[in-house]
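Some notes on the structure that comes next.
Chain identifiers are assigned alphabetically (A, B, ...) following the order of the sequence lines, protein sequences preceding nucleic acid strands; residue numbering begins at 1 within each chain. Heavy atoms only: backbone and side chains are in, while hydrogens, waters and symmetry mates are out.
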There are 2 protein chains.
Amino acid sequence: MLTIGKLGQQAGVKVPTIRYYEQIGLLPEAERSAGNQRLYSRKALERLAFIRHARDLGFTLEAIRDLLSLSDNPDQFCAAADAIARAQLAEVESRLARLMALKAELERMVLQCAGGRIADCRVIEVLGDHSLCATDHSHPEPELSL
Amino acid sequence: MLTIGKLGQQAGVKVPTIRYYEQIGLLPEAERSAGNQRLYSRKALERLAFIRHARDLGFTLEAIRDLLSLSDNPDQFCAAADAIARAQLAEVESRLARLMALKAELERMVLQCAGGRIADCRVIEVLGDHSLCATDHSHPEPELSL
DNA sequence: CCTTGAAGCTATAGTTGCTAGAGACATTAG
DNA sequence: CTAATGTCTCTAGCAACTATAGCTTCAAGG
């Protein structure tokens with residue numbers, strides 16, 4: 001049985017984060033020692049590692065909740081998990097595309113900095129004017145979430 | 001003079017967001033009509049478009065605050081604005097690198113889905129095991145922020 | 001002129017995924 | 001046995017908005 005600190009170390013998750021996951025029901029309520037401290041089994045460590053890994057891959061806690069409930073019921077079809085993973089992949093691909101466009105624009109901006117005074121600065125100028133933009137930001141557009 | 005709704009339309013920013021920007025001091029307090037409604041000049045529209053554009057490029061509101069104060073004082077040197085833009089570019093490049101690694105791993109995961117039951121699902125399995133991971137997630141590692 | 005509906009106002013609370021602090025109890029090393 | 005570390009609960013805070021409630025103001029139609 002592991003204390004919360006050891007568990008956190010082994011899973012690479014901070015202690016308050018573990019308590020937070022318990023609070024929002026992503027982890028079950030932990031067993032307690034005589035002195036009321038949380039104790040964790042190897043299974044709990046696996047579950048937390050799963051969460052950690054999925055978070056690293058950018059899955060939201062909601063998506064992870066779904067994946068966990070699928071893995072808790074092994075009779076369901078893989079298709080559901082696959083769909084969640086595919087959605088995540090699509091998300092990542094779209095962020096990637098946006099970031100590449102942004103990188104290009106930022107590079108252009110930085111290259112054009114003449115080293116002079118702000119009055120002549122391309123960085124400020126480019127940011128002030130959407131029409132100089134490489135990417136299309138025509139206005140009533142869904143918000144970008146980077 | 002524009003009402004807040006028109007301003008929002010023209011800049012591509014939602015009305016509550018404009019009020020929020022005013023509240024946190026990113027926009028100056030707007031003039032008011034006789035009936036206490038906010039009125040905006042063309043200059044305000046430009047400032048808001050600047051903010052919008054910088055947000056699209058992933059600048060934080062803090063970075064934008066700095067850029068705005070630079071452009072409000074055009075006698076300063078360009079170097080400061082350039083530094084902010086370069087920092088932003090570095091940020092974007094590092095996110096890009098992480099995202100590309102994630103994309104690779106997600107693709108591997110999704111490809112291996114056999115279409116069977118969860119018990120056999122690679123998605124779940126891969127997520128449960130860091131050691132199958134392409135990227136290095138050795139444990140006491142700074143958090144990823146996608 | 002009056003009404004109606006859209007748009008505006010303030011203020012507060014919720015969102016996501018944590019992180020940080022206070023103040024008290026538990027456990028462990030020397 | 002004591003001191004240091006770890007853990008407990010609870011609350012509040014972060015970014016950057018978004019949503020709700022309950023009100024007032026404005027513009028257009030009848």
Side-chain angles (χ1 to χ4, degrees), chain A residues 1-27 29-40 44 48 50-68 88 91 95 140-146, chain B residues 1-27 29-40 44 48 50-68 88 91 95 140-146:
Chain A
M1 283 300 195
L2 304 163
T3 59
I4 196 168
K6 304 288 174 199
L7 179 73
Q9 266 178 26
Q10 297 203 22
V13 175
K14 289 178 190 150
V15 166
T17 304
I18 298 171
R19 287 196 279 248
Y20 169 71
Y21 287 161
E22 178 180 314
Q23 191 194 308
I24 64 169
L26 212 56
L27 292 175
E29 293 197 12
E31 287 178 65
R32 299 298 181 115
S33 71
N36 197 36
Q37 302 196 345
R38 288 174 181 81
L39 292 176
Y40 296 92
L48 184 55
F50 181 101
I51 295 171
R52 166 80 208 279
H53 195 177
R55 286 295 297 138
D56 283 352
L57 291 169
F59 288 86
T60 64
L61 293 183
E62 262 324 292
I64 294 171
R65 203 187 287 279
D66 292 346
L67 287 170
L68 283 170
Q88 182 57 22
E91 250 293 306
R95 281 199 235 175
E141 159 188 288
E143 277 309 305
L144 298 177
S145 73
L146 302 176
Chain B
M1 285 301 198
L2 302 164
T3 59
I4 196 169
K6 304 289 174 198
L7 178 74
Q9 266 178 27
Q10 297 202 22
V13 175
K14 288 179 192 150
V15 167
T17 304
I18 298 172
R19 289 196 278 246
Y20 168 71
Y21 286 161
E22 177 179 315
Q23 191 194 308
I24 64 169
L26 212 55
L27 292 175
E29 292 198 11
E31 287 178 63
R32 299 299 183 115
S33 72
N36 196 37
Q37 301 197 344
R38 287 175 182 82
L39 292 177
Y40 295 93
L48 184 55
F50 180 103
I51 295 171
R52 168 78 209 281
H53 196 176
R55 285 295 298 136
D56 283 354
L57 290 169
F59 289 86
T60 64
L61 292 184
E62 262 324 291
I64 294 171
R65 202 187 288 278
D66 292 347
L67 287 170
L68 282 170
Q88 183 57 21
E91 249 294 306
R95 281 199 237 176
E141 159 188 289
E143 279 306 308
L144 298 176
S145 73
L146 304 174

Given [options], identify the nucleotide with an atom nearest to the side chain of [X].
X       : options               : answer
B:Thr60 : D:dA16, C:dC18, D:dT7 : D:dA16
A:Tyr21 : D:dT7, C:dC18, D:dT18 : C:dC18
B:Tyr20 : C:dT27, D:dA16, D:dC8 : D:dA16
B:Arg32 : D:dT18, C:dC9, C:dC18 : C:dC9

Where each residue is assigned the nucleotide of DNA chain D containing its nearest heavy atom, which of B:Leu61 and B:Gln37 is assigned the position nearer the 5′ end?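 Mapping each residue to its closest nucleotide by heavy atoms, the 5'-most match is B:Leu61.
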
Roughly how many Å is it from [atom1] in [X] to [atom2] in [N], rounded to a whole number?
X       : N      : atom1 : atom2 : result
B:Arg52 : D:dC17 : CZ    : P     : 10 Å
B:Ile24 : D:dT18 : CD1   : C1'   : 14 Å
B:Ile18 : D:dA16 : CD1   : P     : 17 Å
B:Leu27 : D:dA16 : CG    : C1'   : 14 Å
B:Met1  : D:dC26 : CE    : C1'   : 18 Å
B:Lys6  : C:dG8  : NZ    : C1'   : 13 Å
B:Lys14 : C:dG8  : NZ    : C1'   : 18 Å
A:Arg19 : D:dA12 : CZ    : C1'   : 16 Å

request  = Look at the side-chain N and O atoms of B:Ser33 and state whether any lies under 4.0 Å from the OP1 or OP2 oxygen of D:dT25.
outcome  =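 B:Ser33 to D:dT25 OP1/OP2: no side-chain N or O under 4.0 Å.
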
Margin query: Nearest heavy atom decides the nucleotide; on that basis, is A:Asn36 or A:Thr17 closer to the 5' end of DNA chain C?
Written below: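 Looking at the nearest nucleotide for each, A:Thr17 comes out on the 5' side.
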
Considering heavy-atom distances to DNA chain C, does A:Glu62 or B:Gln23 have its closest nucleotide positioned more toward the 5' end?
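By nearest-heavy-atom nucleotide position, the 5'-most residue is B:Gln23.
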
Measure across [X] and [Y] and return the closest heavy-atom pair with its distance rounded to 0.1 Å.
X       : Y       : result
B:Leu27 : B:Ile51 : CD2-CD1, 3.8 Å
B:Leu39 : B:Arg32 : CD1-C, 4.2 Å
A:Phe50 : A:Leu68 : CD2-CD2, 3.8 Å

- Message: side-chain contact (heavy atoms from CB on, under 4.5 Å), that's the test. Do A:Leu48 and A:Tyr40 meet it? Break it down for me.
- Response: CA-CA 10 Å; A:Leu48 184 55; A:Tyr40 296 92; over 6 Å; no

- Have a look at A:Arg38 and say if it touches a base, only the backbone sugar-phosphate, or nothing, with a 4.0 Å heavy-atom cut-off.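 The answer is sugar-phosphate, as A:Arg38 gets under 4.0 Å only of primed atoms, P, OP1 or OP2.
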
One thing to verify: whether B:Glu22 and B:Arg19 come together as a salt bridge, which I'm taking to mean a side-chain N less than 4.0 angstrom from a carboxylate O.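 A salt bridge is absent here (no side-chain N lies under 4.0 Å from a carboxylate O).
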
